[in-house]
S.K.: 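Here you go, one structure.
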Amino acid sequence: MTQPSPFLAEMKEAVTPRATLLVAGVLALSLLFITSYVGALHDPKPKDVPVGVVAPPAVAEQTVDRLSALPDGPLDPRALPDAETARAQIVNRDIYGALVIDPAGTRDTLLVSTGAGRVLALTLETVFTDLERTQDRTLRTVDVVPADPQDANGLTSFYLVVGWCVGGYLCASIMTISSGARSPTPRRTLIRLLSMAVVAVVAGLGGALIVGPILGALPGSTAALWGLGALTVFAVGAATLAFQSLIGMAGIGLAILIVVILGNPSAGGALPPPLLPPFWRDIGPALPPGAGTWAARSIAYFKGNDSTGSLLVLSAWAVGGTVVALLTAALRGRGRDRDRTETAATP
């Protein structure tokens with residue numbers, strides 16, 4: 001039998017099938033990373049942006065019809081009775097802006113909110129300025145909920161949540177990797193989840209203090225941001241532990257796929273949801289980065305309004321991850337006990 005050459009033998013030892021599989025997985029994740037970020041963020045276009053129109057009934061109806069008929073449907077307009085209602089709906093996060101028409105003059109007012117995303121506010125200003133010009137009218141813009149001067153482009157809430165998410169899946173991954181090939185027993189899984197909870201509380205407080213009292217980059221309640229941070233970190237960490245319980249080390253790759261590759265571009269950070277393509281706009285609210293970013297902005301700028309849904313999403317990830325991790329460990333533990341019993345009974 002012909003012996004393999006020393007080079008081929010050394011190559012087989014240096015690049016094992018397991019290493020080849022892992023490298024292929026990393027390569028796939030890197031290409032998906034490029035595809036997701038470029039696909040979601042390279043060509044922002046407004047689509048069905050909820051806006052209000054304040055004007056006398058006949059004028060409001062005509063304006064709503066004209067805005068609804070714009071090519072590609074950038075706006076989702078609705079008539080509102082007065083400017084105060086428009087302001088209240090912006091603060092409640094029901095709409096992103098409102099056009100207040102002056103029937104006695106030629107200068108109208110556009111209400112926007114840079115706290116909900118500076119890019120979207122500028123986009124609305126551009127769209128309405130062009131429309132007003134076609135009607136020989138002028139426009140002034142009023143920022144109802146302005147972003148903090150230290151919150152450049154309104155991205156601090158997004159970066160904060162991304163940091164919490166990264167901490168969640170990295171800490172959970174380290175707990176598993178450090179234990180080597182040992183299977184997650186129910187007791188070991190419970191200890192990891194409790195450790196993850198402690199990490200979440202510390203990370204949530206640290207993030208809230210950094211963006212708030214220390215850097216002054218984000219307004220809002222430090223205590224509320226602390227709670228959001230703890231929930232976000234634990235939700236991502238518990239989900240990562242659940243993935244690892246189900247499919248082993250490949251669960252780390254699945255966590256990165258969901259949180260980083262799918263979650264970050266769809267979170268509404270760099271581009272608010274109405275500027276994202278349909279797929280990314282649809283999945284964002286259901287993933288931890290999107291839910292966390294929405295809730296963080298609500299806490300910082302909108303008195304916590306319309307954050308219940310996002311908190312429920314994060315809670316679902318936390319509870320679901322905990323249940324799946326514990327249940328998987330328990331079922332595998334029973335399987336190991338049954339195997340031991342059968343082995344002992346075999347003569």
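We number each residue from 1, following the sequence as shown.
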S.K.: Within the distance-only criterion (no hydrogens, no angle test), does the side chain of T114 pair as donor or acceptor with the backbone N or O of A147 below 3.5 angstrom?
M.R.: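 The answer is yes, because a donor-acceptor pair under 3.5 Å joins these two groups.
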S.K.: Would a single hydrophobic cluster contain both L155 and I210, if residues Ile, Leu, Val, Met, Phe, Trp and Tyr are joined by side-chain heavy-atom contacts under 4.5 Å?
M.R.: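 No.
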S.K.: Starting at CG of L241, measure out to CG of L190 and round the result to the nearest 0.5 Å.
M.R.: 11.5 Å
S.K.: Do F279 and W294 share a hydrophobic cluster, counting only Ile, Leu, Val, Met, Phe, Trp and Tyr and linking them when any side-chain heavy atoms are less than 4.5 Å apart?
M.R.: yes
S.K.: Take atom CG in D82; do more than 12 heavy atoms of anything else shown fall under 6.0 Å from it?
M.R.: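 Atom CG in D82 is packed in, count exceeds 12.
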S.K.: Would you say R297's side chain and G154's backbone share a donor-acceptor pair under 3.5 angstrom?
M.R.: yes
S.K.: Checking W280 against L262 for the side chain to side chain contact (heavy atoms under 4.5 Å, CB included) test, could you report, in this order, the C-alpha distance in whole Å, the side-chain angles of both residues, the deciding distance, and whether it holds?
M.R.: CA-CA 8 Å; W280 302 101; L262 294 178; 4.0 Å; yes
S.K.: Is F243 close to I258 at the side-chain level, that is, under 4.5 Å between some pair of heavy atoms?
M.R.: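 Yes, their side chains come closer than 4.5 Å.
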S.K.: Quick one: does L209's side chain get under 4.5 Å of T222's, heavy atoms only?
M.R.: yes
S.K.: T189 and A329: which non-hydrogen atoms are nearest, and at how many Å?
M.R.: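 Looking at all heavy atoms of both residues, the closest pair is OG1-CB, 3.4 Å.
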S.K.: Step by step, would you call M249 with I177 a side chain to side chain contact (heavy atoms under 4.5 Å, CB included)?
M.R.: CA-CA 8 Å; M249 291 300 179; I177 293 172; 4.1 Å; yes
S.K.: What is the minimum heavy-atom distance between L314 and L228, and which atoms define it?
M.R.: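 Taking every non-hydrogen atom into account, CD1-CD1, 3.6 Å.
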S.K.: Grouping I, L, V, M, F, W and Y whenever their side-chain heavy atoms are under 4.5 Å apart, do V233 and L194 come out in a common cluster?
M.R.: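 Yes, it is one cluster - the side chains of V233 and L194 are joined through contacts under 4.5 Å.
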S.K.: Carefully, step by step, assess T109 and D102 under the rule side chain to side chain contact (heavy atoms under 4.5 Å, CB included).
M.R.: CA-CA 8 Å; T109 300; D102 181 5; over 6 Å; no
S.K.: On a heavy-atom basis, which atom in E132 and which in T138 lie closest, and how many Å separate them?
M.R.: OE1-O, 3.4 Å
S.K.: Got a donor-acceptor contact below 3.5 angstrom from the W164 side chain to the A203 backbone?
M.R.: yes
S.K.: Enter the distance from T156:OG1 to D148:CG here, rounded to the nearest 0.5 Å.
M.R.: 8.0 Å
S.K.: Do Y37 and N264 get their side chains close enough for a donor-acceptor pair, meaning under 3.5 Å?
M.R.: yes
S.K.: With a 4.5 Å heavy-atom cut-off, do I252 and T176 have their side chains touching?
M.R.: no
S.K.: Are any side-chain N or O atoms of S36 and backbone N or O atoms of I261, one a donor and one an acceptor, separated by less than 3.5 Å?
M.R.: yes
S.K.: Output yes when a side-chain donor or acceptor of N305 lies under 3.5 Å from a complementary backbone atom of V91, and no otherwise.
M.R.: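 Yes; at least one donor-acceptor contact below 3.5 Å.
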S.K.: Distance check, rounded to the nearest 0.5 Å: L67 atom CG versus R78 atom CZ?
M.R.: 11.5 Å
S.K.: Decide yes or no for S195 and V199: does some side-chain heavy atom of the first lie under 4.5 Å from some side-chain heavy atom of the second?
M.R.: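 The answer is no; the side chains never approach within 4.5 Å.
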S.K.: Who else is in L312's hydrophobic cluster (ILVMFWY, side-chain heavy atoms under 4.5 Å, direct or via others)?
M.R.: none
S.K.: Spell out, yes or no, whether I283 and F158 are grouped together once hydrophobic residues are joined by side-chain heavy atoms under 4.5 Å, including indirect joins.
M.R.: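 Same cluster: I283 reaches F158 through Ile, Leu, Val, Met, Phe, Trp or Tyr contacts under 4.5 Å.
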S.K.: Taking atom CG of L110 and atom OG1 of T141, what is their separation to the nearest 0.5 Å?
M.R.: 5.0 Å
S.K.: Side-chain contact test, heavy atoms from C-beta onward, threshold under 4.5 Å: evaluate it for I90 versus Y96 and give yes or no.
M.R.: no
S.K.: Is R66 reaching over with its side chain to a backbone N or O of E61, donor-acceptor style, under 3.5 angstrom?
M.R.: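 Not confirmed, R66 side chain does not pair with E61 backbone.
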S.K.: Flag the pair K45 / P277 as yes when at least one side-chain heavy-atom distance between them is below 4.5 Å, and no otherwise.
M.R.: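 When only atoms from C-beta onward are counted, P277 and K45 do not touch, as no gap falls below 4.5 Å.
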S.K.: Donor-acceptor pair, distance only, cut-off 3.5 Å: does the side chain of W317 make one with the backbone of A286?
M.R.: yes
S.K.: What pair of heavy atoms forms the shortest contact from D143 to V112, and how long is it?
M.R.: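 For D143 and V112, the tightest heavy-atom pair comes out as OD1-O, 3.4 Å.
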S.K.: Please determine, by modelled atom types, if R137 and T106 share a side-chain donor-acceptor pair under 3.5 angstrom.
M.R.: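 No, no side-chain donor-acceptor contact under 3.5 Å.
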S.K.: Would you compute the distance between atom CG of L218 and atom CG of D151 and round it to the nearest 0.5 angstrom?
M.R.: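 Between L218 CG and D151 CG, I get 5.5 Å after rounding to 0.5 Å.
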S.K.: Quick check: do D306 and F302 have side-chain heavy atoms less than 4.5 Å from each other?
M.R.: no
S.K.: Report yes or no: does T126 contribute a side-chain atom to a donor-acceptor pair with the main-chain N or O of L122 at less than 3.5 Å?
M.R.: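 Between the backbone of L122 and the side chain of T126 there is a qualifying donor-acceptor contact (under 3.5 Å).
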S.K.: Enumerate the side-chain hydrogen bond (donor to acceptor under 3.5 Å, both in side chains) contacts for residues 229-238, please, sequence neighbours excluded, ordered by first and then second residue.
M.R.: none
S.K.: Judged by atom type as modelled, is there a donor-acceptor pair below 3.5 Å linking the side chain of T293 to the main-chain atoms of G290?
M.R.: no
S.K.: Might you point out which heavy atoms bring T240 and A255 nearest each other, and give the distance in Å?
M.R.: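 Closest heavy-atom pair between T240 and A255: OG1-CB, 3.5 Å.
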S.K.: Side-chain contact test, heavy atoms from C-beta onward, threshold under 4.5 Å: evaluate it for P219 versus Y301 and give yes or no.
M.R.: yes
S.K.: Side chains of S68 and D65: donor-acceptor distance under 3.5 Å anywhere?
M.R.: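 Their side chains do not contain a donor-acceptor pair, so the 3.5 Å distance test is not met.
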S.K.: Kindly work out whether a path of hydrophobic side-chain contacts (I/L/V/M/F/W/Y, heavy atoms less than 4.5 Å apart) joins L70 to L139.
M.R.: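 L70 clusters together with L139.
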S.K.: Once rounded to the nearest 0.5 Å, what's the spacing between atom CG of L246 and atom OG1 of T328?
M.R.: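 Answer for the CG-OG1 pair, L246 versus T328, is 4.0 Å.
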S.K.: Of all heavy-atom pairs between G52 and I95, which one has the smallest distance, and what is that distance?
M.R.: N-CD1, 4.0 Å
S.K.: For W226, look at atom CH2 and say whether over 12 heavy atoms of other residues, nucleotides or ligands are found less than 6.0 Å away.
M.R.: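 No - once you tally the heavy atoms of other residues, nucleotides and ligands closer than 6.0 Å, there are 12 at most.
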S.K.: Is there a donor-acceptor contact under 3.5 Å linking the side chains of S298 and R93?
M.R.: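 Indeed, the side chains of S298 and R93 share at least one donor-acceptor pair under 3.5 Å.
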S.K.: Using side chain to side chain contact (heavy atoms under 4.5 Å, CB included), reason through V142 and R87 one step at a time and then give a plain yes or no.
M.R.: CA-CA 10 Å; V142 176; R87 288 175 178 269; 4.0 Å; yes
